[in-house]
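Okay, so here's the structure we're looking at.
Bear in mind the structure is a predicted one, so any value in this text is a computation, not a measurement. All chains are named by letter (A, B, ...) in the order of the sequence lines, taking the proteins before the strands, and each is independently numbered beginning at 1.
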Protein chains: 2
Amino acid sequence: MTDAPMTIREMCAAFDVTPRTLRFYETKELLTPERVGQRRLYGKRDRARLTLILRGKRFGLSLEDIRQLLDLYARDSVNEAQMRRACELGRARLAQMQAQRAELDEAIADLTTELAWGEGQLARLARAAE
Amino acid sequence: MTDAPMTIREMCAAFDVTPRTLRFYETKELLTPERVGQRRLYGKRDRARLTLILRGKRFGLSLEDIRQLLDLYARDSVNEAQMRRACELGRARLAQMQAQRAELDEAIADLTTELAWGEGQLARLARAAE
DNA sequence: CGTTTCCTTGACGTGCACGTCAACCAGCCT
DNA sequence: AGGCTGGTTGACGTGCACGTCAAGGAAACG
């Protein structure tokens, strides 16, 4: 059931995107749904890809960045050179993500500190108001 | 020394941005450099803010999102209501960042797995080539 | 003094990621 | 046959985050 192809509307509901978005991603070769006559049908593969696309976006990657990454996930890298290149990109991206993770930890720490200060001030104000 | 005000060029060199970008951020009220006559001078505060701005961007935040966040970091939230609101936003953002962190960890795990598979394939190809 | 250099403020242009609208099938219902 | 629903392809519009001139001020240099 969960691997049955979905219509464009079902996709939109499931991933909270608009039809325009899905068709746009298709022109960018991020998705390649089947066609039944005219209509698009999105299979398991496209759903997995869309998950990765949206995740990538949440981290500020461009659609072009994401397309490169998807090539790594697409196991059909026919020849060795292509595959080697995909692995290169993957390693680079991994390093980048780890750096981003470190930065995110720092940002979380900063914000936590700042927030503690803010809450402290509020508490002080509350006491002063009595 | 490190807290001496910087010119726009020095800022550009230090943060790897263009003058246009700094002026643009100013129109968006993200930066508020001093003026000496016409020229801008960026102090410690603006440098700190710019650091946060660029960090925010790396995580896909819009400039408007970032402006909201900077309000929290700006300790001059005059009245209590404003301050309370800033803390609200901060807590929400913190939760969001923690979620993003979890997602990032997952993405890193995925990519690591995928990469291991890819490297494995390459190794297999290398052995087969002998 | 003129020229060069650095900076300034508009104003318009650009690339990305879509939104919006028009016109047009293709089934299905009655 | 007529109409509705849901999907399709263009084509053009939009918001954001700047880039790219154009025109000019002010200071520094020879």
Please tabulate the protein-to-nucleotide N/O contacts below 3.5 Å involving nucleotides 7-10 of chain C, giving atom names and distances.
from  : atom 1 : to      : atom 2 : distance (Å)
C/dC7 : OP2    : B/Arg9  : NE     : 2.7
C/dT8 : OP1    : B/Arg40 : N      : 2.7
C/dT8 : OP1    : B/Arg40 : NH1    : 3.1
C/dT8 : OP2    : B/Arg23 : NH1    : 2.8
C/dT8 : O5'    : B/Arg40 : NH1    : 3.1
C/dT9 : OP1    : B/Arg35 : NH1    : 3.1
C/dT9 : OP1    : B/Arg35 : NH2    : 2.9
C/dT9 : OP1    : B/Arg40 : NH2    : 3.3
C/dT9 : OP2    : B/Arg40 : NH1    : 2.7
C/dT9 : OP2    : B/Arg40 : NH2    : 2.4

ask   = Which two nucleotides bound the region of DNA chain D that has atoms under 4.0 Å from heavy atoms of chain B, read 5' to 3'?
value =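 Boundary nucleotides touching chain B, in 5' to 3' order, are D/dA17 to D/dG25.
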Of all residues at least two apart in sequence or in a different chain, which pass the side-chain contact (heavy atoms from CB on, under 4.5 Å) check with [X]?
| X | value |
| --- | --- |
| A/Arg9 | A/Thr7, A/Pro19 |
| A/Arg20 | A/Thr18, A/Phe24 |
| B/Ile108 | A/Leu94, A/Met97, A/Gln98, A/Arg101, B/Leu104, B/Thr112 |

query = Taking only residues two or more places apart in sequence, or in another chain, which ones meet B/Glu29 in a salt bridge (Lys or Arg N to Asp or Glu O under 4.0 Å)?
reply =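 Residues passing salt bridge (Lys or Arg N to Asp or Glu O under 4.0 Å) with B/Glu29: none at all.
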note = Contacts of A/Glu10 meeting salt bridge (Lys or Arg N to Asp or Glu O under 4.0 Å) (sequence neighbours excluded), chain-then-number -> none
Tabulate below the donor-acceptor pairs under 3.5 Å that side-chain atoms of residues 31-42 of chain B make, not counting sequence neighbours, or state none.
from    : atom 1 : to      : atom 2 : distance (Å)
B/Arg35 : NH1    : B/Gln38 : O      : 2.9
B/Arg35 : NH2    : B/Glu26 : OE2    : 3.1
B/Arg40 : NE     : B/Glu26 : OE1    : 2.5

query = For residues 81-91 of chain A, which residue pairs qualify under salt bridge (Lys or Arg N to Asp or Glu O under 4.0 Å), counting only residues two or more places apart or in two chains?
reply =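 Listed once each, the pairs are A/Glu80-A/Arg84, A/Glu88-A/Arg91, A/Arg91-B/Glu119.
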